[in-house]
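For the single chain, residues carry numbers from 1 onward in sequence order. What you see below is based on every heavy atom in this structure, not just the backbone, and it leaves out hydrogens, waters and symmetry mates.
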Amino acid sequence: MPKKPVIASAAMLFLFASPPVMAQKDISSPTTIQNSKASALPVINAVPLARDIPYPGTMRLMVDATDTVQNIFRVKQIIPVASSGPLTLLYPQWLPGTHAPRGQIEKLTGLVISANGKPVRWTRDPLNVYAFHLSVPEGARELSIAFQFVSATDEDQGRIVMTPAMLNLQWPSVSLYPAGYYVRNIPVQASVTYPAGWQAATALRAASTSGAVITYEATDYGTLVDSPVFAGKYFRRIDLSPKVTLNIVADEARFLVATPEQINAHKRLVMQARALFGTEHFDHYDFLLSLTNQMGSIGLEHHRSSENGVEPEYFTDWAKGPGRRNLLPHEMTHSWNGKYRRPDDLWTPDFSTPMQDNLLWVYEGQTQFWGYVLGARSGLYSKDETLDAFAAIAAGLDQRVGRSWRPLQDTTHDPIIAARRPKPWASWQRSEDYYNEGLLIWLEADSLLRQLSGGKKSLDDFAKLFFGGRDGDWGVKTYNSDDVAQALNAIAPYDWAGFLRKRIDDTSTQAPKDGITKGGYTLVYTSTPNSTVKNAEDRSGSVDLSYGPGFNLSKSGEVTAVIWDSPAFNAGLAVGMNVVAVIGTAFSPERIKLAVSDNKGGKGPIALLVRSGDKYRNINLDYSGGLVYPHLQKVGGQKIGEGEGGIDMLLKAAS
């Protein structure tokens with residue numbers, strides 16, 4: 001039979017044939033189909049840059065703050081204009097003290113602009129949505145503006161700033177200003193209509209009062225924005241010194257009752273701050289303090305005032321622990337550190353220019369340090385409570401295992417990156433750690449100054465040198481990191497620039513605790529809760545197991561924090577889950593603590609029933625270390641002065 005011809009397969013040809021020479025395809029050939037390609041357009045900033053020149057005329061701002069049912073502020077504003085033609089109005093975006101673009105533009109509604117009784121068309125800038133462009137008509141001498149600020153009626157919309165008993169009026173929320181000028185050069189006079197019978201407090205002073213309407217003295221727009229208002233039905237004013245006043249609003253009248261010793265502790269705060277800095281950078285200062293669980297909590301600094309929101313029982317439950325009593329010392333310190341002395345990149349000529357937060361480890365970190373120190377020196381905190389707070393801070397920062405990849409300097413950008421939104425893994429992501437880690441760095445700097453000078457110098461001397469100046473000067477004096485190092489060198493020569501760079505720019509495995517050891521103490525752990533942890537648990541009903549198993553729970557069993565790579569993390573717990581049962585018994589704060597305590601020494605994993613959404617699963621928590629809480633323990637170490645360590649001397653009140 002004849003042989004059949006051999007037919008090579010395509011695969012065989014590919015394997016054995018010589019590779020063909022491929023012709024280069026011409027991708028520009030007209031026969032080739034190409035995807036469409038766009039060209040980038042130039043990005044044009046149509047908002048005029050701020051200039052240091054006077055604005056021609058005084059703005060008038062009228063705010064109706066009487067709608068405490070629907071929480072709506074109704075605004076009328078008159079802005080004088082010198083000529084016709086293009087004009088840009090701005091809503092404040094970059095707000096001092098928030099370190100981020102936090103202006104609530106989404107709550108500005110019903111904007112109507114008119115001139116000579118006729119409407120003026122406006123257009124929002126597509127690049128800067130806080131800017132409104134318009135053309136001033138011929139012959140117009142002023143613009144009439146009306147809008148509403150629809151403040152939050154529920155917590156998921158933002159902070160509540162108005163309740164049936166009180167309000168917090170923040171001027172940047174209820175005003176516009178002309179672009180192209182330093183805000184310190186734009187004159188403004190504001191008036192507010194308050195609910196009948198209410199009293200109001202602000203760093204501004206009243207020019208006149210007519211019924212429920214208060215008209216304030218004319219000032220510049222920068223000062224106006226820096227002078228918020230607390231007003232309320234239940235109000236008390238207490239003079240703490242000839243220059244300083246404590247203004248209190250409360251949910252109910254009973255919360256306004258304060259004992260003489262409680263008031264004296266606040267008076268001592270003012271005296272100790274004056275003794276520390278040597279000057280007062282204000283003509284007067286108003287603490288604005290809300291005792292509330294209805295209006296949103298706040299802690300925000302201003303040059304001649306501060307906004308402070310604490311628990312209603314601030315005075316009435318004084319004996320239960322310090323609660324938020326470190327808030328007022330912190331915010332008052334900002335009058336010197338943050339307002340008078342301000343990082344050069346954090347000072348901006350208007351509220352449209354972006355801020356740069358690199359030096360927040362001084363601005364906030366040293367303020368956190370002085371807040372606790374002044375709290376102790378004034379008696380708002382006892383010495384033991386302050387030591388417990390330092391212990392909790394140091395131990396908590398040791399758990400910030402994200403320091404192995406993210407240096408402290410990078411956390412100064414967190415107000416912009418995260419905008420204080422909740423984080424699933426805060427210990428690994430890190431957060432605004434420049435507050436408390438800054439405190440530890442400045443505690444170490446204080447110990448070093450004492451050591452280098454043989455106990456003759458301390459960070460108190462830096463405070464007077466760096467934050468002092470002319471009494472009553474409430475302007476702004478900027479600084480950079482070199483200025484900080486040079487001021488420290490003036491107190492005691494040392495490689496301060498290198499000291500700061502290492503702690504700010506380097507990654508590490510542990511929090512900077514040398515200030516504790518050099519100050520005569522060491523961080524230890526025991527099974528007894530310290531006062532800081534206990535006070536927090538007692539007030540909220542929460543469970544803090546972060547230092548041992550590595551997680552925290554709300555009183556209902558919701559997981560509120562999990563430490564990265566801790567036993568809780570390795571067991572599979574995550575924020576948002578709910579612990580339903582502990583070793584077969586329904587969850588309670590006492591039950592989980594008892595289970596952790598009883599398992600000390602290794603009796604096997606702790607069985608948890610956990611709900612995540614609508615799913616349930618069993619988790620075995622492999623932890624046998626028992627309950628663990630941080631404390632500072634006195635050691636021999638470096639002794640300075642009369643047999644006391646640096647921390648002991650640091651917390652002593654100035655005579």
Side chain Arg324, main chain Gly309, donor-acceptor under 3.5 Å: yes
field: Axial cation check for Trp336 ring with Arg341, 6.0 Å and 45° limits
entry: no
- Query: Would Thr411 and His413 count as having a side-chain donor-acceptor pair, cut-off 3.5 Å?
  - Reply: no
Practice prompt. Check whether the side chains of Glu307 and Asn168 place a donor and an acceptor atom closer than 3.5 Å, and report yes or no.
Written response: yes
(message) Is it true that Gln148 and Thr109 share a donor-acceptor pair across their side chains at a distance under 3.5 Å?
(response) yes
Notebook entry, point to check: Can Glu432 and Tyr434 be said to form a side chain to side chain donor-acceptor pair (under 3.5 Å), step by step?
Noted result: CA-CA 5 Å; Glu432 296 181 33; Tyr434 52 84; 2.6 Å; yes
Side chains of His281 and Ser335, donor plus acceptor under 3.5 Å:
no
### Message
For a side chain to side chain donor-acceptor pair (under 3.5 Å) check, start with the C-alpha distance between Asn293 and Glu311, then their side-chain angles and the critical distance, and finish with the verdict.
### Response
CA-CA 6 Å; Asn293 55 24; Glu311 62 277 4; over 6 Å; no
query: Does the pair Asp483/Lys477 count as a salt bridge with the N-to-O cut at 4.0 Å?
result: no
Salt-bridge present (Asp226, Arg184; N to O < 4.0 Å) | no
Donor on one side chain, acceptor on other, Asp52 and Tyr182, under 3.5 Å:
no
Tell me whether Asp286 is salt-bridged to Lys243, with the criterion being a basic N under 4.0 Å from an acidic carboxylate O. no
Note to self: One pair to check against ring-ring contact (aromatic ring centres under 6.0 Å, His included): Phe466 and Tyr479. What are the steps and the verdict?
What the structure shows: CA-CA 10 Å; Phe466 197 74; Tyr479 65 86; 5.0 Å; yes
Paired with Tyr285, the side-chain hydrogen bond (donor to acceptor under 3.5 Å, both in side chains) test is passed by just one of Ser305, Ser306, Ser241, namely Ser306
| said: Between the side chains of Arg274 and Asp471, is the shortest nitrogen-to-carboxylate-oxygen separation below 4.0 Å, so that they form an ion pair? | reply: yes
Do Glu364 and His330 pair up side chain to side chain, a donor and an acceptor below 3.5 Å, judged on atom types alone?
yes
Between Asp64 and Thr66: side-chain donor-acceptor atoms closer than 3.5 Å:
yes
- request: Look at the aromatic rings of His334 and Tyr363 and report parallel, tilted or perpendicular, splitting at 30° and 60°.
  value: tilted
### Query
Do Arg304 and Thr223 meet the criterion of a side-chain donor-acceptor pair at a distance under 3.5 Å?
no
Check your understanding: Taking the six-membered ring for Trp, are Trp442 and Trp361 parallel (under 30°), tilted (30 to 60°) or perpendicular (over 60°)?
Key -> parallel
